[in-house]
Structures are given as C-alpha cells and as structure tokens.
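Read through the structure below, which is laid out as structure tokens, and then see the notes.
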Amino acid sequence: MKNVTSRNFVRTTSLASAGALSQGPFMAKGAGNPEYISGRPAPEARKFTSEAVERTIREVSASIKNPKLAWMFGNCFPNTLDTTVTFRMKGGRPDTFVITGDIPAMWLRDSSAQVWPYLPLAKEDEKLRNMIAGLIHRQSECILIDPFANAFNDGPGKSEWLSDYTKMKPELHERKWEIDSLCYPVRLAFNYWKTTGDSSVFTDRWQLAARTILSTFRDQQKKKGLGSYSFQRMTAVASDTRFGNGYGFPVKPVGLICSAFRPSDDATLYQFLIPSNYFAVVSLQQIARIATEVCKDQQLAADASQLAAEVASALKRFGSGVHPTAGKILAFEVDGYGNALFMDDSNIPSLLTLPYLDAMPVTDPLYQNTRKFILSDDNPWFFRGKNVEGNGGPHVNGGYDYIWPMSLIVRAMTTSNEEEIKKCLKWLIETDAGTGFMHEAFLKDDPTKFTRSWFAWANTLFGELILRIHKERPHLLSEVG
C-alpha cells in the first residue's frame with residue numbers, strides 16, 4: 001500500500017477496489033442508487049457544523065433539476081466542515097486547524113481555499129465566522145514559524161520529511177517554498193475583513209506575519225545572491241527535489257519572485273512562476289490596503305505597494321512570450337534570461353485561474369489568447385478523452401492522460417459562455433465514478449481510475465462553482481439534465 005501522507009505519493013483508485021471509497025471518515029453510498037443516499041458523515045460524526053451552510057445546501061439543492069448534481073453538491077459543499085476542521089479556543093481567541101483530507105496536515109494554500117466558499121455566509125453565522133477567524137490566527141502563527149514552509153503539523157510533531165535537506169522544524173509537515181503559500185492567507189484575511197467588517201484578525205502577530213511575507217518575497221527575488229532557502233530530498237521522483245545543490249536552476253534578477261515549487265508541490269523548472277507572481281501582486285496590494293485602512297502603518301503600506309509595482313512591472317516585461325502557433329501568450333515559467341516554459345497546470349494558481357484570483361480581467365486580450373492555448377492541444381498537459389477534455393499536469397502518475405476536476409471547475413468559473421459552463425457541469429457529473437465527490441485526477445477514458453478519494457479542496461471548490469451559478473445564472477441549474 002502506498003504511503004498517503006505525501007501529496008507526491010499517488011493513490012490510484014478503481015471502483016473494483018473494495019476499499020476505494022473509504023479513505024476518509026465518510027463513505028459515498030449513492031453509486032447506482034436512484035435515491036442518492038447522502039455521502040456525508042452522520043451528524044454526530046461531523047467535525048464542524050454551520051446552520052448557514054445547512055440552510056444553503058437545502059435552498060440550492062432545491063433549485064437543481066438533475067438529482068445527481070444535487071446529490072453531489074450536498075456531499076461536496078460541506079466536506080471541509082464535515083471532515084477536516086478542528087476548532088478550539090486558544091489564549092482567549094479562536095484557533096482553527098484544517099487538514100487537506102487524506103493527509104493529516106494543514107497546507108496554507110489548501111486550508112485557505114477550503115474555507116473560502118463559506119465566506120459569504122460568515123456574516124450571518126457567528127460560529128462560522130469564528131472558525132474562519134481562527135484559521136487566520138493559526139496561519140499567522142504558521143508563517144512566523146517558517147515562511148518557507150507549505151504544510152504544518154497541529155503543533156510540534158513528527159513528519160516523514162524530517163530527513164529533507166532543508167531547515168526542518170517539529171511544527172512543519174513539509175518545507176517546500178511556494179509563493180502562493182503566503183498569498184492565500186492574505187487573500188483569506190483581506191476578504192474576511194471586507195465581507196464581515198471584522199478587523200480584529202489584524203493583530204500585532206498578523207502584522208508581523210505580513211512584514212515577514214514581504215521580507216520573504218524580497219529574499220526570493222534573489223537580487224543579492226541565491227537567497228536563504230534551499231531544499232533537497234532523497235527521492236526517485238525528480239519533481240520532488242531541486243537542482244543546483246538545492247537552489248534551483250539559475251535566474252537573472254529582474255524583479256520577479258522565485259518559487260521553488262508549484263502549487264502542486266512539484267519543483268519548478270524556471271523559478272519565476274508567472275501565475276504565482278501575478279497572485280503575489282494581488283496579495284501585496286491587499287496588504288497595502290489593510291495597512292492603510294486598518295493598521296494605520298504607512299511604512300508597511302508603502303513597502304507593500306512598492307514591491308507590488310516592481311513585480312507587476314517585471315511581469316509586463318518578462319511574463320509573456322511568442323509561442324510558435326499561439327502567438328503572444330503568458331508563459332508558465334521564465335528565468336529572466338529569455339527562457340520560457342509554455343504550458344499550464346491544473347492547480348491554483350495557474351494561468352487559467354488568473355481572473356478567479358482577481359489577478360487579471362477575464363476580458364484581457366492576453367488572457368483570452370492564453371486561455372485558447374491552455375484549452376488546446378498546444379498545451380502539453382491538455383488531454384482529450386472519448387467523452388471529456390481538460391487539463392492535467394505532471395503531478396499525477398507522471399501526468400499523462402489524467403484530467404483534474406479542479407481544471408473543469410475553474411474553466412466554468414472563467415467563462416461567460418453558458419454552453420461551456422453546462423458542458424463543464426456535464427463532465428463533472430459524469431466523472432465522479434459514482435462516488436458523489438470530486439477527486440484529484442481521473443483517467444481521461446476511464447474515470448473509475450482516479451486519485452485521492454478524499455480531497456476536501458476539490459470538493460468545496462465544486463460547491464463554490466454551484467453557488468456561483470446559483471447566484472449569477474440560476475436558470476442553468478434547471479437546464480442541466
């Protein structure tokens with residue numbers, strides 16, 4: 001049996017496997033059953049409950065014509081709360097730890113994204129609001145423990161990655177430096193404040209974490225040498241370690257920020273990861289607003305604004321290139337020397353997801369041309385099956401022929417074409433392998449072969465898509481048969 005505590009060990013699941021659907025604390029029971037029995041844990045076994053979420057499930061499900069789609073929404077939307085949240089009071093304030101699902105550790109990225117769809121409900125539900133505030137507090141502490149770490153234990157503990165050649169600590173599950181790990185907590189805190197009006201999360205510790213984010217970004221611009229982060233691992237998986245004695249391939253300092261790893265936790269080839277640099281610009285601008293309007297810290301605001309402007313300027317100069325067939329498009333990675341990697345991955349951030357992250361308007365001509373490339377055979381990680389097409393990436397089974405449901409979800413979120421949205425919904429309905437849940441990836445011609453039967457982020461993201469459609473295009477939920 002493969003080890004499942006690392007995101008780089010792949011669990012490929014088939015419905016023929018007796019234990020396929022019992023990897024988490026739930027078991028999907030509705031496959032082939034016209035009554036679609038709920039796949040959620042029993043109420044007494046749920047980790048966290050919210051009346052606002054339960055009410056939303058009832059209201060939205062009632063508007064969905066397709067019974068399987070309604071069943072999937074009911075399973076997926078509350079999955080983060082049902083199975084991954086540990087909430088407590090600590091030192092007189094809320095504290096929340098959110099595991100990613102089948103791995104008992106908290107990723108800064110995943111945890112932020114997992115609770116994100118609940119933000120619109122937080123204003124009306126104090127319990128939910130406290131849970132999210134507790135996660136913001138916990139993430140600030142994590143950043144202060146080590147801003148280069150991507151995943152954390154719930155307090156000091158053990159990790160199978162303690163032998164990695166990097167500065168591991170007992171609180172860390174893994175120490176892979178990824179730009180987006182510092183962007184997601186800012187996105188969550190900023191939008192929590194704007195949604196609820198609660199600025200109490202911007203404590204002295206949060207402000208110190210914000211300054212740490214800035215100093216880490218500057219360090220990884222590598223203007224003064226290799227920077228203070230290096231990483232190597234004894235492994236047979238090339239994407240799990242780094243070249244150059246742990247510092248990666250050389251970059252020319254041009255103002256962009258290096259990311260040692262992608263959001264997939266795979267090593268970058270060229271270290272200037274363009275989607276994550278766009279995300280960093282948004283996060284820095286949000287820090288500047290918080291510093292100005294809440295913290296009254298003009299120096300922090302000025303520093304964040306200056307760095308955002310520098311990275312944005314460098315993106316205009318170095319973030320795109322001319323593809324032989326697609327023309328001018330955004331690159332996925334560059335090195336400042338003129339080398340560029342043209343592709344897209346399925347994790348978030350990716351090039352496809354830039355409008356979703358408020359990093360670029362969906363109408364931007366450069367984005368639209370890049371989107372055409374991403375959703376075409378020119379993208380090496382775009383796959384067409386007999387009944388479905390979509391993006392994959394090198395993370396799963398070598399990447400070949402595996403499509404990520406996340407890519408289908410975000411494709412629907414970044415288009416105004418209603419036929420395209422309905423097509424994505426149809427694909428998502430048809431590729432759950434009868435489980436009622438999203439997976440990490442599925443084989444393009446056989447969705448019963450999938451990875452990660454308990455992947456809370458993908459489940460909650462699917463719920464977010466349905467909520468968005470319900471709010472913006474409710475008629476589509478009655479048109480999908």
Side-chain angles (χ1 to χ4, degrees), residues 7 107-110 112-114 116 150 176 178-184 187 239 256-257 259-283 311 315 319-321 323 326 329-334 340-362 364 366-383 389-396 399 402-415 420 424 428 438-441 455 457-458 460-462 464-465:
R7 291 155 69 99
W107 267 255
L108 292 176
R109 167 184 52 254
D110 293 38
S112 302
Q114 284 168 240
W116 175 263
N150 56 330
K176 288 183 171 179
E178 301 157 0
I179 291 173
D180 65 281
S181 291
L182 298 184
C183 296
Y184 269 104
R187 179 186 189 234
S239 60
L256 295 172
I257 304 165
S259 191
F261 291 87
R262 300 168 181 167
S264 60
D265 299 338
D266 294 339
T268 51
L269 179 60
Y270 303 129
Q271 295 187 65
F272 295 140
L273 181 59
I274 297 305
S276 292
N277 271 266
Y278 270 102
F279 196 8
V281 171
V282 175
S283 299
V311 176
L315 282 167
S320 60
H323 185 272
I329 60 173
L330 291 165
F332 186 67
E333 294 171 2
V334 301
L341 178 61
F342 291 112
M343 58 166 277
D344 203 22
D345 206 350
S346 292
N347 225 298
I348 304 172
S350 65
L351 296 175
L352 185 64
T353 63
L354 292 179
Y356 170 72
L357 296 171
D358 298 320
M360 181 175 285
V362 72
D364 188 294
L366 181 59
Y367 172 77
Q368 282 297 319
N369 201 41
T370 305
R371 194 175 194 275
K372 290 178 184 177
F373 160 79
I374 293 167
L375 301 175
S376 77
D377 295 327
D378 284 332
N379 175 11
W381 300 106
F382 178 80
F383 303 113
E389 65 180 35
N391 288 334
H395 185 66
V396 174
Y402 272 77
I403 295 171
W404 286 52
M406 288 176 66
S407 75
L408 302 178
I409 295 168
V410 176
R411 179 174 179 176
M413 287 183 174
T414 54
T415 182
E420 187 175 13
C424 290
L428 290 163
M438 296 292 103
H439 305 122
E440 181 183 46
F455 186 20
W457 180 9
T460 317
L461 186 68
F462 173 76
E464 181 182 352
L465 170 64

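Side-chain atoms are counted along with the backbone in the values below, which use heavy atoms only and exclude waters and symmetry mates.
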Worksheet entry | Glu178 side-chain N/O to Ser259 backbone N/O, donor-acceptor pair under 3.5 Å | no
Worksheet entry | Spatial distance of atom CZ (Phe342) from atom CZ (Phe373) [nearest 0.5 Å] | 7.5 Å
Worksheet, complete the sentence: Of all heavy-atom pairs linking Ala412 and Leu465, the shortest is CB-CD1, 3.8 Å
Practice prompt. Just jot down the ring-ring contact (aromatic ring centres under 6.0 Å, His included) partners of Phe261, sequence neighbours excluded, or say none.
Written response: Phe231
Item to complete: Quick one: list whatever passes side chain to side chain donor-acceptor pair (under 3.5 Å) with Thr415, sequence neighbours left out.
Response: Glu420
Worksheet, complete the sentence: Rounded to the nearest 0.5 angstrom, the CD1-CG distance for Ile179 and Leu182 is 9.0 Å
Discussion item. So that I know where these two stand, are His439 and Phe455 an aromatic pair - ring centroids less than 6.0 Å apart?
Written reply: no
Worksheet entry | salt bridge (Lys or Arg N to Asp or Glu O under 4.0 Å) partners for Asp180, two or more places apart | Arg109
Worksheet item: Quick one: ring-ring contact (aromatic ring centres under 6.0 Å, His included) partners of Phe462, sequence neighbours excluded?
Response: none
Practice prompt. Of all the heavy-atom pairs spanning Pro275 and Phe332, show the shortest one and how long it is.
Written response: CD-O, 3.4 Å
Discussion item. Under a 3.5 Å distance rule, please check whether Asp344 uses its side chain to pair with a backbone N or O of Leu352 as donor and acceptor.
Written reply: yes
Worksheet entry | Results of side-chain contact (heavy atoms from CB on, under 4.5 Å) for Asp377 - residues two or more places apart only | Phe382, Arg384
Response to the item:
salt bridge (Lys or Arg N to Asp or Glu O under 4.0 Å) filter on Arg262, not counting sequence neighbours, yields Glu333
Worksheet item: Which pair of heavy atoms, one from Lys372 and one from Ser376, lies closest together, and at what distance?
Response: O-CB, 3.2 Å
Fill in: Test side-chain contact (heavy atoms from CB on, under 4.5 Å) applied to Pro361 - qualifying residues, sequence neighbours left out
Thr363, Asp364
Fill in: All side-chain contact (heavy atoms from CB on, under 4.5 Å) counterparts of Ser112, not counting sequence neighbours
Gln139, Tyr184, Pro185, Leu188
Worksheet item: CZ of Arg371 to CD1 of Ile329: how many Å apart, nearest 0.5 Å?
Response: 14.0 Å
Item to complete: Given side-chain contact (heavy atoms from CB on, under 4.5 Å), test Thr353 with Met413 step by step and report yes or no.
Response: CA-CA 9 Å; Thr353 63; Met413 287 183 174; over 6 Å; no
Item to complete: Could you pull out all residues at least two apart from Thr460 that satisfy side chain to side chain donor-acceptor pair (under 3.5 Å)?
Response: Thr80
Fill in: Partners passing side chain to side chain donor-acceptor pair (under 3.5 Å) against Thr268 (at least two apart in sequence or in another chain)
none
Worksheet item: Of the non-hydrogen atoms in Leu351 and Met343, which two are nearest, and what is the gap between them?
Response: CD1-O, 3.6 Å
Worksheet item: Excluding sequence neighbours, so at least two apart, what forms side-chain contact (heavy atoms from CB on, under 4.5 Å) with Ser346?
Response: Asn391, Trp404, Ser407
Worksheet item: Measuring from His395:NE2 to Tyr402:OH, what's the distance to the nearest 0.5 Å?
Response: 13.0 Å
Item to complete: Give a yes or no on whether the backbone of Lys176 and the side-chain of Asn150 come within a donor-acceptor separation of less than 3.5 Å.
Response: yes
Practice prompt. State the CD1-CH2 distance between Ile348 and Trp116, to the nearest 0.5 angstrom.
Written response: 11.5 Å
Worksheet entry | Residue pair Ile403 / Phe383: nearest heavy atoms and the distance that separates them | CD1-O, 3.7 Å
Worksheet entry | Residues in ring-ring contact (aromatic ring centres under 6.0 Å, His included) contact with Tyr356, at least two apart in sequence or another chain | none
Fill in: Derivation and outcome, side-chain contact (heavy atoms from CB on, under 4.5 Å), residues Glu389 and Arg411
CA-CA 11 Å; Glu389 65 180 35; Arg411 179 174 179 176; 3.1 Å; yes
Worksheet item: Between the side chain of Asn277 and the main-chain N/O of Leu273, is any donor-acceptor distance below 3.5 Å?
Response: yes
Practice prompt. Rounded to the nearest 0.5 Å, what's the gap from CD1 on Ile374 to OG on Ser350? Could you check?
Written response: 6.5 Å
Practice prompt. Show the numbers, then the answer: is there a side-chain contact (heavy atoms from CB on, under 4.5 Å) between Met438 and Ile409?
Written response: CA-CA 10 Å; Met438 296 292 103; Ile409 295 168; 4.2 Å; yes
